[in-house]
Protein chains: 2
Amino acid sequence: MMAMSCKDGGKLGNMDNGKYVRYTPEQVEALERLYHECPKPSSIRRKQLIRETLILSNIEPKQIKVWFQNRRCREKQRKESSRLQAVNRKVTAMNKLLMEENDRLQKQVSQLVCENGYFRQHTQSATLATKDASCESMVTSGQHHATHQHPPRDASPAGLLSIAEETLTEFLSKATGTAVEWVQMPGMKPGPDSIGIVAISHGCTGVAARACGLVGLDPTRVVEILKDRPSWLRDCRAVDVLNVLPTANGGTVELLYMQLYAPTTLAPARDFWLLRYTSVLEDGSLVVCERSLKNTQNGLSMPPVQHFVRAEMLPSGYLIRPCEGGGSIIRIVDHMDLEPWSVPEVLRPLYESSTVLAQKTTMAALRQLRQISQEVSQTNITGWSRRPAALRALSQRLSRGFNEALNGFTDEGWSTIGNDGMDDVTILVNSSPDKLIGLNLSFGNGFPAISNTVLCAKASMLLQVRISNIFFDTATDETLSLNCYYIPSVRW
Amino acid sequence: MMAMSCKDGGKLGNMDNGKYVRYTPEQVEALERLYHECPKPSSIRRKQLIRETLILSNIEPKQIKVWFQNRRCREKQRKESSRLQAVNRKVTAMNKLLMEENDRLQKQVSQLVCENGYFRQHTQSATLATKDASCESMVTSGQHHATHQHPPRDASPAGLLSIAEETLTEFLSKATGTAVEWVQMPGMKPGPDSIGIVAISHGCTGVAARACGLVGLDPTRVVEILKDRPSWLRDCRAVDVLNVLPTANGGTVELLYMQLYAPTTLAPARDFWLLRYTSVLEDGSLVVCERSLKNTQNGLSMPPVQHFVRAEMLPSGYLIRPCEGGGSIIRIVDHMDLEPWSVPEVLRPLYESSTVLAQKTTMAALRQLRQISQEVSQTNITGWSRRPAALRALSQRLSRGFNEALNGFTDEGWSTIGNDGMDDVTILVNSSPDKLIGLNLSFGNGFPAISNTVLCAKASMLLQVRISNIFFDTATDETLSLNCYYIPSVRW
DNA sequence: GACTAATAAGTCGTAACTAT
DNA sequence: ATAGTTACGACTTATTAGTC
């Protein structure tokens, strides 16, 4: 009441009565900007700011000092509070995930223990015996879904939707149920810093891997990233969407053709003829699931493609559940039959190993999501080490170049100009223009890049020590710095 | 500098220059006290406070208003911050627990799957076969510890310590390892509101139950509570500590004699002759573990006691790990052989059920800890429903009274004055003075309690529907209100 | 000197109540 | 109903005490 008595009157220049003047929005804006640049300016710098910034010129140095002090204090309090909240959200989501995983594991243990008891009982009582009805269903449950044969259906939307729904069910039973006997992947400890919880299959047809984890991205964004397989799966050469059918429930059924590079010169590449079903569950989770289609489905077919071995994808996919506070809980199942019969016997373990699938595909997906999520949360600072997106792009390009040279597909411009007849050493040449993009480098000797042909020599050898396949890729043209980075490159 | 220019003039009496005077510690103390009584006093009340409180008399009403306003604001901020921190601590601890549990489950699954593969392989290949060396050790691991026979050792401190250390190892392998095939307890879902993660044994000798959970109590307090078994285990009649030996590592080895009431008139009570070892692990965890001693250990023995059947406790105990922020992560294993051969066949399922053990003992321990932890954290408000300690004491007294009458031990003053020869109906009398403590009640009719003898009639019947044993306890004396509450009481 | 932590007191928007 | 009063929460500015 009496406070204003002498307040409103005098306002000469800047501070008249020295008491409590709210700074104008423009002043606050300027101060905020300066704070963002440097939250702790020195006395000299502060005086400089007053001189340089017109809008601040009527504020006393002492007040500027106080403003920065208070600003720092506010920031500290806000930061602490929001940090705590963020940690909280994250840990709570992790908890949820672990709780569900726990539940699944406990179910699996119960089932296995029961099954086991059945075996023990029947091993004791000699050869064959009266079946224990209560457990019998569990004993073979590990195979139920994997060997499931769906009846022949036509390629009508209804027929495809029927396959899609079935795929969804089978995928979910692998992702959250005990349809596959998942066992912990060797060397993967669940922990706050780990990529997630990773398991591999045991005793089912084909190879399967499963991972679950948290990422700080919205489900829609996650789906977007994961569906773009060539961007994160090193061995993925292409995914062509041949057809798109929207479904009544707001989902999408797509027919895809996908090619995977071979990881070695000793085996042909793989391709897939797939149905992909994207939909939303009742609880708001997004699901993308996939499976192979028969080569000959009435009305739709995908004839064999030269140089590729047709492989099978068993029901697989991504289950993405939003969690409060912006992130997603993600479950990934990859399950395929890579037709190991078609590769030399020594390489078969690579095509029959769930661990390899987990490392190359399943974990790679989670890793990609983690990296993108981190980029989003980080502020954009210059410098190579702080630009993961650029690093990722380079890494992907290197991989792609390597895989291209390794596979040497003619449609990418490669032609063989000689080999030693044993497939051990091959010389390729490529003169397509896109191979030279970005390669206009000069070397230290000052010669500019002038050649317009890439020459590549490759050799494969198998190390028996720890199933490894070493691939040497030697570019004979100096300008080919990109591929030169791969000398020598070890795969597997 | 110029701040006081026009303010200091008009301030008669108390506040001279009206600007920012820190209140004296005495004033703050008085204000805090008043705030504690009422954090939001009305304008009238505030003026009253200034008049009534000498020390505040020179503070303006407006200042008092502002002080309370600021005080409320501070409280709010502090509350929010500490609330977040507390939630954080709790969730993080839960996370840790779940992660460990996950790890254990994954190990168990791997083991079971391996074992299973072994069985499958050997079931297929007829009868007996070449053993798979890599898995053989796992196939029988479930029994390893349970049937372990320790060599006869003397009762010297060294001998007892040797048994104690072995007990510790076996307990830990049950609590954190896969020494027992734990399966999820039916009907127990792990969740934030559940009592904890509870599992029961499968296919090992005796009955075993396991629980883990978090409580907001210090490990030392937890140990204190759990060791005092009669305070939380309804069926525990007494625990006598016969001997205490401190160990070199700061632990304690105790020799105990424990009695458990029978839960029915149709079976005798159990007693135990135990070694209990309390110690601290390297990581700061407290451990209390127990096991039965042989009835005849050189130099030490515990001859059979009349009316009791000697039961065996297999390595069991409590593992209590402190977690940052004050709480504890607790793992409990109870493993006993209750000698079911000694009870009528119809009752045996009660003595062979791990679920019953889990509910009566393992979960009861966690429940007790939870309740005490909640009492500590709650402020003391009057009213019965807000006094859990009193309720707990009453509940315990009721249980004890019931168990006493049910078991009718002569040393507690009970004597049989008649039964129908079939053990179906028994009449007991008890005139010991402690039965009347607290019973000096008068009823509505105005008659004071004058009788000094308790008369009790009891009958047991077994309901086959859901193995239940109903016990009716009828006090014939009006004054026995305590036992009257038990008409009819259902056990099991 | 400047820094941090705590705190007194100011502004602003809003809601409830009051007086005419 | 509408302007005026009052109190409050949220936020901001300024002051003090204590540390380095």
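Within every chain, numbering begins at 1; the chains are lettered A, B, ... in the order of the sequence lines, protein sequences first and strands thereafter. All figures in this text were calculated on a predicted structure; none of them were measured in a lab.
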Can you work out whether B:S43 or B:K76 has the more 5'-proximal nearest nucleotide on DNA chain D?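 Looking at the nearest nucleotide for each, B:S43 comes out on the 5' side.
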Name the residue closer to the 5' end of DNA chain D, choosing between A:R74 and B:R22 according to the nucleotide with the nearest heavy atom.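 Looking at DNA chain D, the more 5' nearest nucleotide goes with A:R74.
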d([atom1], [X]; [atom2], [N]) in whole Å:
X: A:W67; N: D:dA14; atom1: CH2; atom2: P; answer: 12 Å
X: B:L31; N: C:dA9; atom1: CG; atom2: C1'; answer: 15 Å
X: A:F68; N: D:dT13; atom1: CZ; atom2: P; answer: 12 Å
X: B:N70; N: C:dT11; atom1: CG; atom2: P; answer: 14 Å
X: B:E29; N: C:dT7; atom1: CD; atom2: P; answer: 15 Å
X: A:E75; N: C:dA5; atom1: CD; atom2: C1'; answer: 17 Å

Pair A:S43, A:K65: side-chain N/O donor-acceptor within cut-off below 3.5 Å: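 On atom types as modelled, these side chains do not qualify, holding no pair under 3.5 Å.
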So, B:S285 versus B:D283: side-chain donor-acceptor pair below 3.5 Å or not?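 Judged by distance alone, the side chains do pair up.
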Does A:E75 come within less than 4.0 Å of A:R72, counting only side-chain N to carboxylate O?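 Looking at A:R72 together with A:E75, the answer is no, because their closest N to O distance does not fall below 4.0 Å.
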Do any of residues 46-56 of chain B sit with a heavy atom less than 4.0 Å from DNA chain D, and if so which?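 Those residues whose heavy atoms fall under 4.0 Å from DNA chain D, taken from residues 46-56 of chain B in numerical order, are B:R46.
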Compare side-chain N and O positions of [X] against OP1 and OP2 of [N] and report whether any pair is under 4.0 Å apart.
X: A:R72; N: C:dT4; result: yes
X: A:Y23; N: D:dA14; result: yes
X: B:Q63; N: C:dA9; result: yes
X: B:K62; N: C:dG10; result: yes

So, do A:R83 and A:E80 sit near enough that their side-chain heavy atoms are less than 4.5 Å apart?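 With C-beta onward as the side chain, the pair touches.
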Does any part of the side chain of B:I59, heavy atoms only, come nearer than 4.5 Å to the side chain of B:Y23, both counted from C-beta?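 Sidechains of B:I59 and B:Y23: in contact.
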Exercise answer: donor-acceptor pairs, residues 32-40 of chain B side-chain atoms, under 3.5 Å, sequence neighbours excluded:
residue: B:E32; atom: OE1; partner: B:R71; partner atom: NH1; Å: 2.3
residue: B:E32; atom: OE2; partner: B:R71; partner atom: NH1; Å: 3.1

Map A:Q69 and B:V28 onto DNA chain C by nearest heavy atom, then report which one ends up closer to the 5' terminus.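 Mapping each residue to its closest nucleotide by heavy atoms, the 5'-most match is A:Q69.
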Go through D:dG9, C:dG10, C:dC3 for me and flag the one nearest to the B:K40 side chain.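 The closest nucleotide is D:dG9.
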For the backbone of A:P41 and the side chain of A:R46, can you confirm whether one donor and one acceptor N or O come within less than 3.5 Å of each other?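 Side chain of A:R46 to backbone of A:P41, a donor-acceptor pair under 3.5 Å: yes, one is there.
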